[in-house]
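Take a look at the structure below.
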Amino acid sequence: KSLGSVSPLLVLLCFGAMARVHKHCVIGHGLTGTAACKYLAKAGEDVVLVGPSEGHGAHGACYDEGRIYRILDPLESWARLAERSIENYSSIVDESGVDFYQESGLLIFGVEDDFVRQTREIASRMGTHLEELSPEQLVAHFPWLSPPAVTRVGLLQLQKAGHLSPRKLTAAQLSLATQHGAAYVDDSVASVMRETDDGPFSVFLSGGGCIRAENVLVAAGVYTSVLPLLPEQVVVNLTGAQALLAEISAEDASILSGMPSMIYEGQSDEECFYLLPPIQYPDGSWLLKIGPSTTFAPPLKTVGDVDTWFRQGHLDPAFEKVALKALHDMFPQITIRSWRALLCVTDSTPTQNAYIDLLSPGWGICSGGNGLAAKSSDEIGHLAAQMMALPSHWGPDPQLPREWFRAVTPGSLLPTPQLETALAKVESCGEVLSSRVVDALKALTDLLAATPKLRAHADGVAQELRAVLATRWGAAPSVFCCTSAKSRGGTAWAPAHPFIVLVSGTLSVIVIVPA
């Protein structure tokens, strides 16, 4: 790896024969990094964690007091990770003495959309009890809530759901890691290099030091993909995330004392929000948190973009306006005294799963939270620790297959001779030029890599793919897409026309090629 501004003298000292070599170095003082370090230390492994603390200017998702935790998620991978993590919450509290979560429950309400339907499906599959509420029952159950007029349904989960403090959870995990023998270095990492393919790693610190280790696990959150920490680039989309923290009085907070964590599904993406009950922050203020779902998220490309976003200190005016209106409309009894910005960054992967993978022998990645990792960080760290300690023995785990967590690199997005990429494959085709088959596969792959959440919207995939192929071919194909296996089998759709059937997970796409 390039050493950037690392001193040549430091390189010589780091490679010196007297330098200690740890078994593992975990890079990242966040939720998943501290969890991975804890599990390695508990297994008796020699491990050092390096990453700046909040007091040393660190930015990240863990520096807040409120995150929703829940088992139910439309993607089974995240639901399973959450289920296992939540099962461990009480033992983390008991062992660390840090009380970091509150089982306040979860309410999902609003329009009857795909998110609501998928939540019901995953609840049924996982055996999780949901209480279904009509708009009238919502008001009776939560008299302080004024549901928007478009609300048609409410889904209430009372157990294994609520909110947690990522700041306190990070502190608890680090405490447990050091109790079991892990070392901690409060500094940022400038770069990582390896002198030989089978030699130890050198982790160069911004403060001028160097750590040597046989294995390195990079769990640096959004900085994983923008700093020189990996042996090769991974495909990650970074976007700015923002939330509004509304200050209310202690009296108003007591009115909302029975408030669960909430997810509101509106008629458009701009009208979808998550909300957390009043939480007392370290400065003593009581704050209601509201954040958008997938909108108001500017793209970020470089480490400079990320740092600037964290430091800007203000919200998008459009988001601020709709968030304040939503709070006023939903909680008419509550007076907002003031508000402040909370800025974060979301690292989205094209698979919509976390990356827990070895990019080369001894060089691991644990990243790609997709805005969902806080509640699931304990199990993510556990899987990463297993991977580093026993790289050839992780699994088999029928509930969390390793294939779900493979990292996607730019090279893996290129079509292979078997007509597949890391994100999609050709299932069948007929009476069509091979060049057009490759075009269709590459176009679908590029769409899913650029917009990971698009795969959840079959109509959107069909529309975008049709537009891309129309530009390439000079004529628009017919494109049919759904998230059910029922759509597969192109000959059943157009036996007399050239066709291509593409598959990406549960997503099936049929392209009828124009003459």
Under 3.5 Å, which donor-acceptor pairs link side chains of residues 96-111 to any protein atom two or more places apart or in another chain?
residue : atom : partner : partner atom : Å
Ser96   : OG   : Ile92   : O            : 2.7
Ser96   : OG   : Val98   : N            : 3.1
Glu103  : OE2  : Lys160  : N            : 2.7

Query raised in the report: Where do Phe142 and Pro260 come nearest, in terms of heavy atoms and distance?
Result: CE2-CD, 3.7 Å
Query raised in the report: Any side-chain donor paired with an acceptor under 3.5 Å for Ser504 and Arg455?
Result: yes
Query - Note: Arg117-Glu265 ion pair, threshold 4.0 Å (strictly below) - result: no
Report task. Can you establish whether the number of heavy atoms outside Gln137 located under 6.0 Å from its atom CD is more than 12? Result -> yes
Requested in this report: Check Arg167, Arg340, Lys289 against Asp64 for a salt bridge (charged side-chain N to carboxylate O under 4.0 Å, His left out) and give me the one that passes.
Outcome: Lys289
Report task. Measure the NZ-CD1 distance between Lys375 and Ile380 for me, rounded to the nearest 0.5 Å. Result -> 8.5 Å
Query raised in the report: Which residue pairs pass the salt bridge (Lys or Arg N to Asp or Glu O under 4.0 Å) test with at least one member in residues 249-262, sequence neighbours excluded?
Result: none
Query raised in the report: Charged N to carboxylate O under 4.0 angstrom, Arg84 versus Glu87?
Result: no
Query - side chain to side chain donor-acceptor pair (under 3.5 Å) contacts touching residues 323-332 (sequence neighbours left out) - result: Lys325-Asp329
Query - Non-hydrogen atoms of Val345 and Leu238 that approach each other most closely - result: CG1-CB, 4.3 Å
**Report entry** Residues in ring-ring contact (aromatic ring centres under 6.0 Å, His included) contact with Tyr223, at least two apart in sequence or another chain
**Finding:** none
Query raised in the report: Counting heavy atoms not belonging to Trp339, are there more than 12 under 6.0 Å from its CH2?
Result: no
Report task. Pick out which of Leu423, Thr349, Val236 makes a side-chain contact (heavy atoms from CB on, under 4.5 Å) with Val408. Result -> Leu423
Query raised in the report: Shortest non-hydrogen contact from Ala341 to Gly313?
Result: CB-O, 3.9 Å
Query raised in the report: So with a 6.0 Å cut-off around CD of Gln179, is the heavy-atom count from everything else above 12?
Result: yes
Query - ring-ring contact (aromatic ring centres under 6.0 Å, His included) partners for His382, two or more places apart - result: Tyr39
Report task. Please indicate whether Lys42 has more than 12 foreign heavy atoms, meaning atoms of other residues, nucleotides or ligands, lying under 6.0 Å from its NZ. Result -> yes
Query raised in the report: Hey, is CD on Gln312 packed in by over 12 heavy atoms from elsewhere, all under 6.0 Å?
Result: yes
**Report entry** Heavy-atom closest contact (Ser348 atom, Pro452 atom, distance)
**Finding:** CB-CG, 4.1 Å
Report task. Decide if atom CG of Asp459 counts as having more than 12 heavy atoms of other residues, nucleotides or ligands within a radius under 6.0 Å. Result -> no
Query raised in the report: Ion pair present between Glu112 and Arg120, side-chain N to carboxylate O less than 4.0 angstrom?
Result: yes
Query raised in the report: Listed by chain and number, what are the side chain to side chain donor-acceptor pair (under 3.5 Å) partners of Ser338, not counting sequence neighbours?
Result: Glu247
Query raised in the report: His163 and Leu276: which non-hydrogen atoms are nearest, and at how many Å?
Result: CB-CD2, 3.7 Å
Query raised in the report: Do Ser285 and Asp283 get their side chains close enough for a donor-acceptor pair, meaning under 3.5 Å?
Result: yes
